[in-house]
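Read through the structure below, which is laid out as C-alpha cells, and then see the notes.
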Amino acid sequence: MKLWAGRFSKDVDPKTNDFNSSIATDQRMYAQDINGSIAHATMLAAKGIISAEDGVAITTALAEIKAEIAAGTLQIDPNAEDIHTFIEQTLTARIGDTGKRLHTGRSRNDQVAVDIRLYLREECGATLALVRQLIDALDAKGAAYADAIMPGYTHLQRAQPITFKAHLAAYTEMLKRDLGRIEDAQTRMNISPLGSGALAGTTYPIDRAMTAELLGFDGFTASTLDGVADRDFCLELAAALSILMVHLSRLCEEIILWCSWEFKFVELDDAFSTGSSIMPQKKNPDIAELVRGKSGRVFGDLMGLLTAMKGLPLAYNKDMQEDKDAIFDAFDTAKICLTTLVPMIETMKALPENMRKAAAGGFINATDCADYLVSKGLPFRDAYKATGELVALCIRTGQTLETLPLADYQSVCDKFDAGVYDAIKLETCVRRRGM
Ligand code: ARG
C-alpha cells in the first residue's frame with residue numbers, strides 16, 4: 001500500500017514499482033529516519049499540533065521499531081517504496097490512527113533531506129577518524145626509520161637526497177588538508193531542512209528551531225525550496241572524498257613501485273600481499289593496486305552526482321533519489337580503502353639499505369657539489385657548469401662524485417679542496433636541507 005494511494009485507481013506496474021523503489025539503498029538510514037521522526041513528533045506535541053498522548057505513543061513506538069530493526073527482530077520489507085514508507089506503515093500497524101498523525105506538517109522531501117544529512121554527518125565522523133589513523137600510521141613509520149635516506153625524485157628521475165620520513169610527511173600534509181575539506185563540508189551541511197515541507201513550508205505553527213536543536217543541527221535552512229532541493233553537501237563531500245582518493249592513489253602507486261625488485265624500498269607484510277596462481281615467486285601489492293583502482297569509483301560517484309543535479313529545476317525532483325547510491329558508495333569506498341591501508345602501512349617494513357644504495361647512484365648530490373663551489377665564491381651558473389663537467393667525467397670513467405680523485409675535481413675548477421667530500425655526503429645533503 002502506497003502512502004499516496006488515495007488519488008490512484010490502480011497499483012503501480014510491478015517492474016515499475018521496483019524501478020521507483022529506493023528501499024534497497026535508503027534502508028541504511030532507518031535510524032536517522034526514526035530520529036528525525038521522533039524530533040518532529042516531539043515538536044508537534046510541544047506546539048499542540050498533536051496531543052501530548054499521541055506524541056508519546058508515536059515516539060515510544062518509533063523507539064521500539066528502531067531497537068527491533070537494530071536487533072534484527074524486525075525485518076525491513078524489501079517491497080516497500082522507501083524507508084520512510086516502511087517506518088510510517090509499521091508505526092501505523094502498531095498504534096493505529098495515532099501513527100497517521102506523524103506526517104502532519106512534513107513531506108518526504110524534507111524528511112529525506114534530513115535523513116541524508118544526519119547519515120552523512122556520521123559517515124564524516126567515521127571517515128575523519130580513519131584519515132587520522134592513517135596520518136598516525138605514516139608519522140609512526142617515518143619516526144621508526146628516522147635516519148633512512150632515499151632518493152627524492154622529479155620526473156621519476158633521481159633528483160636530490162631526502163629522508164624517507166620527509167617523503168611520508170608530504171602525504172600527511174595532503175591528508176590534513178583532506179580532514180579540513182571534510183570538516184568544512186560537514187559544518188556547512190549541519191543545517192536542518194526539516195520544516196521545508198514538500199517545498200513551500202507548512203501552514204502549521206511548527207517550530208523549526210526546536211527540531212533543528214533536537215537533532216543536533218546548528219540551525220535551519222532559510223529557504224524552504226532550497227531546503228528540499230539542495231544536495232550541495234553531497235557534491236562537496238564527494239569532491240572532498242575524490243581528492244582524498246587522489247592522495248591515496250598516489251601513495252599506493254609509490255608503494256607499488258617501492259615493492260618492485262627495481263626499487264625494493266619497502267616490503268609489505270604477507271598479510272597484506274597476495275600471490276600468483278602460476279608464478280610461485282610472486283608477492284603482489286594487490287591491496288595498494290585496488291586502492292589505486294577504487295579511486296576511479298569515487299570520481300565516478302562525483303561525476304554521477306554532478307550530472308544528476310545539473311539543470312534540475314526547483315524544487316525536489318525524483319532524479320535526486322540517485323544521490324544516495326552515489327554518495328554512499330563514495331563513503332563506503334573511501335572508508336574500506338582507509339581501513340585496509342592503515343594496517344598495511346603499520347606492518348610495512350622499510351629497507352633503508354636499498355634506499356641508500358639508490359640514493360648513492362645517479363649523482364643525486366650534484367646540486368650540493370655546485371652549492372659547495374658557490375660557498376667558495378663561484379657564481380651559481382658557473383658552479384652548475386663545472387659540476388656538470390664533473391658528472392660527465394664520472395660517467396666517462398665509471399666513477400661517482402664520492403670516488404672521483406681531488407686532482408680531477410681541481411682539473412675542472414681550482415676552487416675545490418678536500419672539503420668537497422664532506423659537502424657531498426648524503427647525510428650532509430639532507431641535514432643541510434633540514435630534511
Ligand atoms: N525516495 C525518495 C528520495 O530518495 C524520497 C523522497 C520522495 N519524495 C517524493 N516526492 N517522491 O528522494
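Both ligands and their constituent atoms are indexed starting at 1 by order of listing.
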Query - Met29 backbone acceptor or donor facing Asp115 side chain under 3.5 Å - result: no

Requested in this report: For Lys66 and Asn35, run side-chain hydrogen bond (donor to acceptor under 3.5 Å, both in side chains): C-alpha distance rounded to whole Å, both residues' side-chain angles, the deciding distance at 0.1 Å, then the answer.
Outcome: CA-CA 9 Å; Lys66 186 167 77 169; Asn35 292 343; 2.6 Å; yes

Could you note down all residue pairs passing salt bridge (charged side-chain N to carboxylate O under 4.0 Å, His left out) where [range] supplies at least one of them, sequence neighbours left out?
{"range": "residues 285-296", "result": "Glu253-Arg292"}
{"range": "residues 182-192", "result": "Arg132-Glu183, Asp184-Arg188, Arg188-Glu236"}
{"range": "residues 30-50", "result": "none"}

For ligand 1, run through the N/O pairs with the protein that fall under 3.5 Å and put one pair on each line.
unit_1: ligand 1; atom_1: 1 (N); unit_2: Ser22; atom_2: OG; d: 3.1
unit_1: ligand 1; atom_1: 1 (N); unit_2: Gln321; atom_2: OE1; d: 2.7
unit_1: ligand 1; atom_1: 4 (O); unit_2: Lys324; atom_2: NZ; d: 2.6
unit_1: ligand 1; atom_1: 8 (N); unit_2: Asn109; atom_2: OD1; d: 2.9
unit_1: ligand 1; atom_1: 10 (N); unit_2: Asn109; atom_2: OD1; d: 3.1
unit_1: ligand 1; atom_1: 12 (O); unit_2: Tyr316; atom_2: OH; d: 2.5

Query - Test log, rule side-chain hydrogen bond (donor to acceptor under 3.5 Å, both in side chains), inputs Arg106 and Ser37 - result: CA-CA 10 Å; Arg106 187 176 72 165; Ser37 291; 2.9 Å; yes

